[in-house]
Amino acid sequence: MIRLILLLLILATPLRAESPAPLAPGEARLLILHDHGNPVVAEMVRLTLRGEYDLTVSLESLTFPSSDAYDWMQIDRDRWFQERIGGRMIQIFERDIALFPRRAGDLTIGPLTHNLTNITRSGVREEVSVTSGTTRLTVKPFPHSGRPLTARRLVLTDELSAPPGRLAKDDILTRRVTIEALGAMAHHLPPRPDIAQPWLISFTLPETRETIPTPDGPVARVVWEWQMRPRTGEPGVLPAIPFPWLDTDSRRIEVAAMKPIPFGFAGFSTASGTGVALHWQMAGLALSGGVVALAVVLWGRLPAIGRGLRRLRPGPHAAAMRRAAASGDLTGLRAAAAAHLAWRGGGGPRRQALLRQLDHQIYAPAGARGFDAMRWLRDWSRA
């Protein structure tokens with residue numbers, strides 16, 4: 001009777017598979033693990049190649065394949081250690097790879113083969129090849145019209161060797177711009193911008209560009225340097241230069257920008273006898289440069305007063321939004337919604353919140369279950 005009760009209790013208890021599952025004696029397996037199954041173009045996906053070997057491994061060789069579908073680099077040293085699985089100590093191998101998809105669509109990785117030399121209990125060496133399965137990523141388009149650039153953290157430093165508005169006649173201004181991005185490769189960073197102006201003499205030094213592997217992901221760094229001086233004492237302004245990038249933690253497009261720089265000679269006001277006028281002229285140039293930079297950075301987000309009457313007219317993108325929502329094409333729905341806001345000249349906080357909800361569904365590692373595109377479109381229309 002007691003045995004029957006115990007059997008019923010065992011059958012009534014849900015079984016939970018061990019993670020990882022135990023290996024049979026002498027068994028070996030190779031896994032491809034990843035931290036992100038829903039990246040955008042150029043976003044880092046961290047792969048861990050994990051081998052579990054009930055063997056005595058003396059030599060090994062594993063090559064990660066190159067492809068025109070992705071960039072990759074190994075970001076940490078291989079790790080070999082013992083782990084208890086199923087009551088036995090198993091030899092574990094791990095290798096960390098940073099992978100960057102080059103284009104949108106389905107991306108299949110693997111199979112990979114790990115060639116091992118095993119020493120049997122009798123001391124005989126034997127060759128063993130362990131082949132992994134495949135893993136698949138669904139790569140989304142980069143959510144901006146600019147050059148794809150993603151990072152967990154990006155810092156732009158813009159340094160000047162002297163105050164640019166008070167240069168002596170023979171002074172040369174050195175400008176040094178450094179961009180560092182965690183979770184990117186050096187060739188993902190933007191190309192060096194052209195800062196030539198008719199009133200400016202400039203000499204461009206060779207750029208330095210490098211990728212540094214770290215356990216948290218590669219750090220990309222580029223350094224640009226210019227030596228500059230105005231042709232005359234009359235003031236001028238170098239405009240700001242923006243660089244959009246995707247913050248992979250917040251899933252938002254951010255903008256890093258080279259600042260606007262007003263130029264002028266310190267002695268020009270004395271020679272011309274218009275010190276006060278020059279002061280206000282420089283201030284006006286700096287202000288205009290900042291306004292232009294702000295317009296470049298925020299273009300498409302600011303409300304257009306001259307287009308205010310469009311709010312009273314039906315939008316030309318409604319049909320495209322309905323088609324995309326009906327077919328479940330969330331990327332097309334997002335593009336049509338953005339085009340509608342650009343046509344209207346902006347949107348209120350409710351529509352901005354709905355856009356963030358749609359962005360999260362498209363670009364987050366795991367979107368919400370049961371997302372209803374038609375319901376989202378109805379909420380958009382009501383907003």
Side-chain angles (χ1 to χ4, degrees), residues 34-45 101 103-107 136-152 154 242 244-256 294-383:
H34 64 79
D35 67 341
H36 198 336
N38 194 28
V40 304
V41 172
E43 179 177 1
M44 186 186 101
V45 179
R103 52 181 174 265
D106 291 336
L107 175 60
R136 178 176 150 180
L137 306 175
T138 301
V139 183
K140 301 296 184 182
F142 186 71
H144 192 274
S145 59
R147 177 190 179 101
L149 173 60
T150 73
R152 290 179 55 191
L154 186 143
W245 61 285
L246 175 69
D247 186 325
T248 57
D249 287 340
S250 67
R251 315 305 294 176
R252 293 176 61 88
I253 291 291
E254 305 290 348
V255 176
L294 185 63
V296 169
V297 172
L298 301 181
W299 180 257
R301 302 183 190 180
L302 298 179
I305 298 175
R307 298 194 297 265
L309 292 177
R310 292 184 177 181
R311 299 176 183 272
L312 305 178
R313 295 162 47 194
H317 309 92
M321 294 181 68
R322 284 195 299 271
R323 287 194 300 270
S327 63
D329 180 9
L330 300 187
T331 303
L333 179 60
R334 177 62 170 84
H340 176 74
L341 288 187
W343 175 82
R344 288 190 58 186
R350 290 185 60 191
R351 283 195 166 171
Q352 294 299 330
L354 287 169
L355 277 183
R356 289 193 295 272
Q357 177 188 357
L358 184 58
D359 286 342
H360 181 272
Q361 187 66 25
I362 296 173
Y363 299 110
R369 293 184 178 180
F371 181 83
D372 189 337
M374 294 302 296
R375 180 185 301 172
W376 183 93
L377 183 57
R378 288 193 296 269
D379 292 342
W380 175 273
S381 301
R382 286 195 293 267

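Atoms considered below: every heavy atom in the structure, side chains included; atoms not considered: hydrogens, waters and symmetry mates.
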Results of salt bridge (charged side-chain N to carboxylate O under 4.0 Å, His left out) for [X] - residues two or more places apart only:
{"X": "R334", "result": "D359"}
{"X": "D106", "result": "R136"}
{"X": "R323", "result": "none"}
{"X": "D372", "result": "none"}

Hey, does [Y] have a side-chain heavy atom less than 4.5 Å from the side chain of [X]?
{"X": "L246", "Y": "L149", "result": "no"}
{"X": "R252", "Y": "R356", "result": "yes"}
{"X": "L154", "Y": "E254", "result": "no"}
{"X": "W376", "Y": "L330", "result": "no"}

What's the spacing between [X] [atom1] and [Y] [atom2] if we round to 0.5 Å?
{"X": "W380", "Y": "L358", "atom1": "CH2", "atom2": "CG", "value": "8.5 Å"}
{"X": "H340", "Y": "M321", "atom1": "NE2", "atom2": "CE", "value": "7.0 Å"}
{"X": "S250", "Y": "R152", "atom1": "OG", "atom2": "CZ", "value": "12.5 Å"}

For residues 139-146, run the donor-acceptor check on the side chains, cut-off 3.5 Å, and write out each pair with its distance to 0.1 Å, sequence neighbours left out.
from : atom 1 : to   : atom 2 : distance (Å)
H144 : ND1    : G146 : N      : 2.8

Exercise for the section: Quick one: list whatever passes side-chain hydrogen bond (donor to acceptor under 3.5 Å, both in side chains) with D379, sequence neighbours left out. Expected result: R382

Closest heavy-atom pair and its distance - [X], [Y]:
{"X": "A104", "Y": "V41", "answer": "N-CG2, 3.5 Å"}
{"X": "V40", "Y": "R251", "answer": "CG1-NH2, 4.2 Å"}
{"X": "A325", "Y": "M374", "answer": "CB-SD, 3.5 Å"}

Handout entry: Donor-acceptor contact below 3.5 Å, side chain T150 vs main chain A42
Key = yes

Problem - CA sep, side-chain torsions, deciding dist, call: M44, T248, side-chain contact (heavy atoms from CB on, under 4.5 Å) - result: CA-CA 9 Å; M44 186 186 101; T248 57; over 6 Å; no

